[in-house]
Engineer: 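Attaching a single structure in C-alpha cells format; questions to follow.
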Amino acid sequence: MFQVQDQSLRPLTTAHLAQTMSLLVLSNQELHDKVIAELASNPALELIDERICPECRRRIHGPGRCPVCSRTAVQDEPIVFLSPRDSYRPTRRNSSDDFPYSQEPAAPEDRTTFVLRQLAADLLPEDRELAVYILSSLDEDGFLADPPAFIAQATRSSMTQVKRVLELISNAEPVGLATEGPRQALVVQLHTFPQDDPRVQVACRMIQEQFSELGRGEYDKIARALNVKSRLVHEATEFIQENLNPYPGRAYWGSGREPGTGDPNVYHRPDVVISSNPIEAEGPLVVEIFSAISGWLRVNPLFDKAVKEADEDQSDELNEHLEKANLFVKCIQQRNNTMRLLMEMLVTKQRQYILEGARHLTPMTRAEIADHIGVHESTVSRAVSNKSVALPDGRIIPLAKFFDRSLSVRDRIKEIVREEREPLTDDAIASQLKRDGIRIARRTVAKYRSIEGILPARLRAKKKLSTAA
DNA sequence: CTATGGCACGGATT
DNA sequence: AATCCGTGCCATAG
C-alpha cells in the first residue's frame with residue numbers, strides 16, 4: 001500500500017520519458033486510437049469540449065462567443081495549431097505548456113467553409129446557395145452522393161448552373177472534390193499538370209480507358225491495350241501514385257511508399273499541414289499540427305476531488321488511475337511540444353524546399369535538429385518517423401523526406417535529363433553536376449537514375465523539342 | 001571498348 | 001548495434 005502510494009505520487013521521470021517516447025512515434029491516427037482507448041479505460045481522464053477565444057485565449061465552453069471580448073470562438077480545435085514566425089531562431093527552449101493558438105482553422109471537417117472561402121472570388125452570388133448544397137451533400141469521400149440531374153431538380157436549378165458550380169468546386173482545393181468517383185477525381189487532378197508530359201498523357205488514357213486494370217495492377221495488359229511501352233506505363237503509374245489522390249475529400253494518399261510496393265489503397269491524412277500565407281506570400285508559413293483529438297484532454301477535477309474524499313481502501317486504486325491520467329496528459333503535452341519545436345525548426349530551415357521544390361532541400365541530419373532544439377537525437381528520430389506532412393502545393397510527403405540528403409541532387413539529375421538534347425551517359429551527367437559544384441561518382445548517378453525511374457542513356461529516346469519547358 | 005548494373009565494403013546516420 | 005548511403009571493382013551487354 002505504502003509502496004504503491006509512493007510510486008504513484010511521484011510521476012517518475014523515467015516512466016514519463018518512456019511513455020512520451022512511445023507516444024512520439026505514433027502518427028496522429030494511431031495517437032487518436034490510443035487516446036480513445038485510454039479515455040475508455042481510465043475514468044480519471046476527461047475530454048472536454050472547450051474552444052479557445054482567438055483574441056484573449058480564454059477557454060470557452062461550447063460554441064458561442066467569448067464573454068470578454070465577444071469574439072466568436074474558433075470552431076475547430078486542433079490542440080496544437082500554430083504559425084511560427086519565419087524569423088524564429090531555434091535556440092529558445094521549451095516554453096512550458098503554453099501552446100500558441102491560431103484562428104484560421106482549415107481542418108478537413110470544415111470542408112464546406114474551407115472550399116467556399118476559396119470560391120468566394122469566382123462564385124456568382126446566385127450560385128452560392130447551390131454550392132453550399134452540393135458541398136454539404138457530398139458523401140464522406142467527397143464524392144457526389146446524387147447525380148447532377150438530381151441536384152438540379154432538388155435545388156430547382158438548371159443543369160448548366162449545376163455544372164458550372166461543380167466545375168468550380170472540383171478545381172478548388174482539394175482538387176477533385178465533388179466528382180462522381182475516384183476515376184473522375186483523378187481526371188480532374190490530372191488536368192492541373194502539364195499536358196505535354198508523356199507520363200500525364202499516358203496516365204490520362206490509363207485512367208479513362210483502363211481503370212479497373214490499373215486498380216488490379218495489370219500493367220502489361222494496359223501497355224498492350226494502349227500500345228505503349230510498359231516502362232512508360234510504370235512511370236505513369238508512379239506519377240499517379242505520387243501526385244494524384246483518388247479520394248480527395250477523405251484524405252490524401254501517402255506518396256512515401258516505394259515505387260512498386262505502392263498500394264493504391266494507402267491513404268491517410270497528414271499529421272501536419274503547411275500552407276503558405278494567403279495574405280502575404282513572403283510572410284510566415286502557416287503550420288498546423290493536427291491534434292489527435294478534438295477538445296481538451298485533462299484530468300477530471302471531479303475525479304481528483306473524489307479520490308481525496310474516498311475511503312482509504314479504495315484510494316489506492318483510484319490514485320493509480322489518477323496518476324496514470326496525469327502522466328498521460330503530460331506525455332501528450334510533451335509530445336505536442338516536441339512536435340512543435342521540430343516543425344518550427346523544419347519550416348525555418350527548409351522554407352525554400354517547402355515553397356520551391358525538391359532542389360532546394362537543405363541537407364540536414366536528425367542529430368543537427370536534435371542539437372538545436374535541445375532534445376536527444378533519438379527523440380527527433382521518433383518524432384520524424386511515421387509522420388506525414390502536407391505541403392502548400394498539396395503534396396503529401398513523409399516527414400523523413402526533409403532529411404533526404406540526396407533529394408536535391410536527384411532533382412538536378414531529373415532536370416538535366418529532362419533538358420538534355422540527346423541522351424547523356426551517367427559519366428556525362430556526373431561531370432555536368434560537377435560543374436554545378438556537386439561532386440558525386442558516376443556510379444552514384446546511376447543509382448539515383450534508377451531511383452527516379454530514368455532509363456539508361458542507351459534506352460532513352462532522343463528528346464523532341466516539345467518536351468522542353 | 002564503353003556504359004551499366006550487381007555485389008560488397010566502409011563510413012556515416014539513426 | 002543496426003541500417004542506410006556513396007563508391008569502387010568487376011562482369012556483362014551492346
Side-chain angles (χ1 to χ4, degrees), chain A residues 17-18 20-27 30 90 229-232 234-235 238 254-262 271-272 334-335 338-339 341-343 345-346 349-350 353 358-359 361-389 397-463:
Chain A
L17 269 174
T20 309
M21 287 307 165
S22 70
L23 290 181
L24 204 53
V25 279
L26 301 178
S27 71
E30 291 161 338
K229 295 212 183 79
S230 85
R231 181 80 215 178
L232 200 47
H234 279 102
E235 284 180 33
E238 214 171 281
S255 62
R257 301 288 151 259
E258 291 307 306
T261 47
D271 301 289
V272 179
Q334 186 72 50
R335 177 189 190 271
T338 308
M339 287 301 291
L341 287 171
L342 173 67
M343 289 314 298
M345 221 17 231
L346 239 45
K349 288 206 101 168
Q350 303 289 16
Y353 166 64
R359 205 160 323 144
L361 183 71
T362 319
M364 58 180 187
T365 69
R366 292 157 171 80
E368 238 173 276
I369 301 292
D371 195 39
H372 278 291
I373 63 180
V375 296
H376 195 273
E377 44 188 70
S378 74
T379 309
V380 176
S381 206
R382 286 175 222 265
V384 164
S385 68
N386 255 315
K387 313 280 190 312
S388 59
V389 43
I397 59 167
L399 205 47
K401 209 159 186 163
F402 280 91
F403 297 92
D404 190 329
R405 278 166 298 158
S406 60
L407 193 68
S408 65
V409 183
R410 295 209 305 270
D411 193 65
R412 295 287 349 240
I413 293 179
K414 271 202 280 189
E415 185 185 276
I416 291 173
V417 171
R418 204 180 319 129
E419 289 175 359
E420 74 191 359
R421 270 305 182 98
E422 53 192 30
L424 295 172
T425 68
D426 291 348
D427 249 328
I429 295 175
S431 49
Q432 168 102 47
L433 284 170
K434 187 176 278 177
R435 247 166 279 147
D436 295 352
I438 304 170
R439 252 195 76 257
I440 56 169
R442 171 243 111 212
R443 186 66 190 78
T444 310
V445 174
K447 211 133 224 176
Y448 289 165
R449 235 192 38 249
S450 69
I451 291 176
E452 296 297 339
I454 300 171
L455 288 169
R458 267 178 191 292
L459 302 177
R460 284 202 305 268
K462 285 206 177 160
K463 296 277 164 180

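Here the structure is a predicted model, which means the values were calculated and not measured. Keep in mind that the numbers below use all heavy atoms, side chains included, and drop hydrogens, waters and symmetry copies. Throughout, protein chains are lettered first and strands after them, A, B, ... in sequence-line order, and every chain is numbered starting at 1.
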Engineer: Expressed as a whole number of angstroms, how long is the span from A:F403:CZ to B:dT14:P?
Structural biologist: 8 Å
Engineer: Rounded to whole angstroms, how far apart are NZ on A:K434 and C1' on C:dT7?
Structural biologist: 14 Å
Engineer: Would you compute the distance between atom CE of A:M364 and atom CE of A:M345 and round it to the nearest 0.5 angstrom?
Structural biologist: 7.5 Å
Engineer: Quick one: A:L433 CG to C:dT7 P, roughly how many Å, whole number?
Structural biologist: 11 Å
Engineer: Just the rounded figure in Å: distance from P of B:dC1 to CZ of A:R458.
Structural biologist: 15 Å
Engineer: Tell me: CD1 of A:I413 to C1' of C:dG6, nearest whole Å?
Structural biologist: 12 Å
Engineer: Using whole Å, what does the distance between atom C1' of nucleotide C:dA13 and atom CG of A:D426 come to?
Structural biologist: 15 Å
Engineer: Would you mind classifying the nucleic acid contact of A:R442 as base, sugar-phosphate or nothing, using non-hydrogen atoms under 4.0 angstrom?
Structural biologist: base
Engineer: Which nucleotide sits closest to the side chain of A:R405: B:dG5, B:dT13, C:dT7?
Structural biologist: B:dT13
Engineer: Mind checking A:S406 for me? I need base, sugar-phosphate or nothing, with any heavy atom below 4.0 Å counting as a touch.
Structural biologist: sugar-phosphate
Engineer: Short question: side chain of A:R412, backbone of A:D436 - any donor-acceptor pair under 3.5 Å?
Structural biologist: no
Engineer: Between B:dC7, B:dA3, B:dG5, which one does the side chain of A:K447 approach most closely?
Structural biologist: B:dC7
Engineer: With a 4.0 Å cutoff (strictly under), does any side-chain N or O of A:Y448 reach OP1 or OP2 of C:dG6?
Structural biologist: yes
Engineer: Using a heavy-atom cut-off of under 4.0 Å over every strand shown, decide if A:R443 touches base, sugar-phosphate, or nothing.
Structural biologist: base
Engineer: Base, sugar-phosphate alone, or nothing: which one does A:T425 contact when heavy atoms must sit under 4.0 Å apart?
Structural biologist: sugar-phosphate
Engineer: Are any of A:S378's side-chain N or O atoms less than 4.0 Å away from OP1 or OP2 of B:dT14?
Structural biologist: no
Engineer: From CG of A:D404 over to P of C:dG6, roughly how many Å is that when rounded to an integer?
Structural biologist: 8 Å
Engineer: Base, sugar-phosphate, or nothing for A:R382, non-hydrogen atoms under 4.0 angstrom?
Structural biologist: nothing
Engineer: Test side-chain contact (heavy atoms from CB on, under 4.5 Å) on A:R382 and A:S378; report intermediate values, then the result.
Structural biologist: CA-CA 6 Å; A:R382 286 175 222 265; A:S378 74; 4.1 Å; yes
Engineer: Evaluate the side-chain contact (heavy atoms from CB on, under 4.5 Å) criterion for residues A:V375 and A:L342: first the C-alpha distance (whole Å), next the side-chain angles of each, then the deciding distance (0.1 Å), finally the verdict.
Structural biologist: CA-CA 10 Å; A:V375 296; A:L342 173 67; over 6 Å; no
Engineer: Quick one: are A:L24 and A:T338 in side-chain contact, heavy atoms under 4.5 Å?
Structural biologist: yes
Engineer: Take atom CE of A:M364 and atom P of B:dT13, then tell me their distance rounded to the nearest Å.
Structural biologist: 14 Å
